[in-house]
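Scroll down for the structure; my scribbles are underneath it.
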Amino acid sequence: MQIYLYNSLTKTIEPFKPLEGNTVRMYSCGPTVYNFAHIGNMRAFLFADLLQRVLRTIGAYNVKWVMNITNIDDKTIRDSAPGSTAWLPEMGSQTDNLMDNLLKFTQYFEKSFLEDISKLGIRLEHFFSMPKATEFIPQMQELIRRIIKNGIAYISEGSVYFNVSEWRKKDTYGKLYKIDFENFRAGARIDADQYEREDANDFALWKYKKPDEPFWEFEVDGIICDGRPGWHIECSTMEKELLGLPFDIHTGGVDLKFPHHEDEIAQSKAGYGVEPNAFWCHNEFLEVEGQKMSKSLGNYFTLRDLLEKGIDPLDIRIAMLSAHYGSTYNFTFDGINSARKARFRIQDYIYDLHQTTNGSFINTDVLNEMKSEVFTSLATDLHTPKALASVFTFINDNPANTLNEEARKSALEFFTKLNNIFDVWKIEPRPVEVVNIPIEITDLAEQRLKAKMSKNFAEADELRQKIIDAGYYIQDSENGYRLGKKW
RNA sequence: GGUGCCUUGGCCGAGUGGUUAGGCAGAGGUCUGCAAAACCUCCUACGUUGGUUCGAUUCCGACAGGCACCUCCA
């Protein structure tokens, strides 16, 4: 099926086609591993995951998905430095070797990142590569040399800067983000104390080492430039090394449009001579309870915070998939609960589809129409809310027990395929409930049954309340009851 | 100051120049000793204000409110 995607470069929805063959080469801006990822980060990664799954499942493409790990930047350096309060015992002991500290520190958060996204249903086997910035330093230096050679970068006090005004003579700077150079940064603070740039628009390709910072040796035209790469150059280099240029799709949060992605385009073209990629896809931000997530408002949550509250990560996944990636998503606890219930309704339907019934529903047209609607919605700029609406409309109108054998089989095939994208359901018969109920709870239930049988309803209700208060539920059945754990 | 986006029923969240999005919550009903679960039914909105139009929530303008980026934050 033809896939359509909104391209930030053209600001329109365009039909998507891989540049070469049947393989989509896709690069996603990954995390800077200096702390636990928060739910805003998670939305970006879930969006990228959704996209690559739709490309595989609906577009029938092979996907080479690369997500970088930024393990060298101001924050990782700061927080891995000796004496840092951000250093955790689990990272091991700090040494005099600054590079060693940096790697230990970032490896810890990289590992936690992989654990977190796995819990959210992002499958590590879907990645072609997850490169770390520190593994590509020579290639970054090579790219910087090229840009200097092409006259678009200059060295200042051992740092290398991209010369924006020089570049503007050759090409547009402001492809993703329209810039008014007259008023540019008029109201923005400019970090004057840090590095010596010729122009505020210029950005660092390479930063000269500061005392007590890990660094890599770098010499350009006899000038010692020992230091570390700038942020943007990391992506430009790794994309080229792992995917080749140009590649198909680049994803990231809207905040990265400028300057990160804009600078990436400029660098890649200035150094390699080509624009890095065809499609730029950006996810919108997330708010929490209608407000921007921030530590000061107390609505800043890492995934781990939410798991501690007992939230199932798959409910976070479905909640975020129930809004379009291009609109601001309001994360609320009510919303998570609502999404969970919706998820279970579909799950129950799938369970029911496995049961043998003698339903008479044979109108495959209705089923096929729903399938077509769902996949068309997903293929049209990943419209998950529309797709889910179609599913609900179908299951509302066609209870599982009304479907005949053939229709149930067909519906199960559909849900299997859908779950290749959503990945929040189990395509299997309803499991036999094997919840461990503590003896004191079953005792209460037995007492209640006795009370009920002897029509002592007041006592029965009292006992039921005790069971509920203990975190279980009890449902009466024909000649007994069902006990279970509340979720 | 510059650039761009948004404002839909109790909540979340689609969409459209004139006919029901969907989910959650809520109400009523069937069932039940009462519940729960399940099922059935109901709940019809589009920030304000001008304009275009036979007709606007949908197009255009203004206003109000909110948000984002310009600060190596997804």
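Order of the sequence lines sets the chain letters (A, B, ...), proteins ahead of strands, with each chain counted from 1.
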**Asked** How would RNA chain B look in dot-bracket form, 5' to 3', counting Watson-Crick and G-U wobble pairs with both distances under 3.5 Å and writing | for bases paired to another strand?
**Response** (((((((..(((.....[...))).(((((.......)))))....(((((..]....))))))))))))....
Choose from [options] the nucleotide whose nearest atom is closest to any side-chain atom of [X].
| X | options | answer |
| --- | --- | --- |
| A:Phe258 | B:A14, B:C24, B:C69 | B:C69 |
| A:Lys452 | B:A21, B:C24, B:G33 | B:G33 |
| A:Asp461 | B:G2, B:A21, B:G33 | B:G33 |
| A:Glu287 | B:G2, B:C67, B:C34 | B:C67 |
| A:Ser338 | B:G33, B:G23, B:C67 | B:G23 |
| A:Thr393 | B:G22, B:A74, B:A14 | B:G22 |
| A:Asn330 | B:G22, B:G33, B:G13 | B:G13 |
| A:Leu256 | B:A74, B:G23, B:G33 | B:A74 |
| A:Asn41 | B:G33, B:A74, B:G15 | B:A74 |
| A:His38 | B:G33, B:A74, B:A14 | B:A74 |

Which is true for [X] with a 4.0 Å heavy-atom rule: it touches a base, it touches only sugar-phosphate, or it touches nothing?
| X | answer |
| --- | --- |
| A:Gly40 | base |
| A:Ser327 | sugar-phosphate |
| A:Phe45 | nothing |

Indicate, yes or no, whether a donor-acceptor pair under 3.5 Å links the base of [N] to the side chain of [X].
| X | N | result |
| --- | --- | --- |
| A:Arg343 | B:G22 | no |
| A:Asn337 | B:C12 | no |
| A:Arg464 | B:C34 | yes |
| A:Asn396 | B:G22 | no |

If I take atom [atom1] in residue [X] and atom [atom2] in nucleotide [N], what distance separates them, rounded to the nearest angstrom?
| X | N | atom1 | atom2 | result |
| --- | --- | --- | --- | --- |
| A:Tyr349 | B:A37 | OH | C1' | 19 Å |
| A:Tyr329 | B:G13 | OH | P | 7 Å |
| A:Lys341 | B:C12 | NZ | P | 17 Å |
| A:Gln465 | B:A36 | CD | P | 12 Å |
| A:Ile346 | B:C24 | CD1 | P | 10 Å |
| A:Asn283 | B:G4 | CG | P | 21 Å |
| A:Met453 | B:C34 | CE | C1' | 16 Å |

**Asked** Given the side-chain rings of A:Phe415 and A:Phe422, with only the six-membered ring counted for Trp, is the space between their centroids under 6.0 Å?
**Response** no
Judged by modelled atom types alone, do [X] and [Y] share a side-chain donor-acceptor pair under 3.5 Å?
| X | Y | result |
| --- | --- | --- |
| A:Gln52 | A:His126 | yes |
| A:Thr393 | A:Asn396 | no |
| A:Asp461 | A:Gln465 | no |
| A:Asn330 | A:Thr328 | no |

**Request:** Kindly say if A:Arg345 contacts the phosphate of B:G23, meaning a side-chain N or O under 4.0 Å from OP1 or OP2.
**Result:** yes
**Item:** B:G15 phosphate, OP1 or OP2, under 4.0 Å from A:His324 side-chain N/O
**Value:** no
Looking only at atom [atom1], what distance separates [N] and [M], rounded to whole Å?
| N | M | atom1 | answer |
| --- | --- | --- | --- |
| B:U44 | B:G22 | P | 13 Å |
| B:G23 | B:G18 | P | 23 Å |
| B:A64 | B:G26 | C1' | 32 Å |
| B:C70 | B:G51 | P | 41 Å |
| B:U41 | B:G33 | P | 25 Å |
| B:U57 | B:U8 | C1' | 8 Å |
| B:G66 | B:C24 | C1' | 24 Å |
| B:C12 | B:C31 | C1' | 31 Å |

**Request:** Let me know, please, whether A:Gly253 or A:Ala389 comes out on the 5' side of the other along RNA chain B by nearest nucleotide.
**Result:** A:Ala389
**Message:** Return whichever of A:Ala342 or A:Lys257 has its heavy-atom-nearest nucleotide of RNA chain B closer to the 5' end.
**Reply:** A:Lys257
**Message:** I'd like to check the salt bridge (charged side-chain N to carboxylate O under 4.0 Å, His left out) partners of A:Asp423; sequence neighbours left out, ordered by chain and number.
**Reply:** A:Arg53, A:Arg123
**Asked** Which class fits the ring pair A:His260 and A:Trp231: parallel under 30°, tilted 30 to 60°, perpendicular over 60°?
**Response** parallel
**Request:** Measure up the A:His250 and A:Tyr27 rings against each other and bin them: parallel (under 30°), tilted (30 to 60°), perpendicular (over 60°).
**Result:** tilted
May I ask you to decide if [Y]'s main-chain N or O and [X]'s side chain share a donor-acceptor pair within less than 3.5 Å?
| X | Y | answer |
| --- | --- | --- |
| A:Asn71 | A:Thr134 | yes |
| A:Ser84 | A:Asp79 | yes |
| A:Thr76 | A:Tyr34 | no |

**Prompt:** For A:Phe457 and B:G33, do the ring centres fall under 5.5 Å apart while the planes stay under 30° apart?
**Reply:** yes
**Asked** Is the ring of A:Phe285 stacked on the base of B:A74, with centres less than 5.5 Å apart and planes under 30° off?
**Response** yes
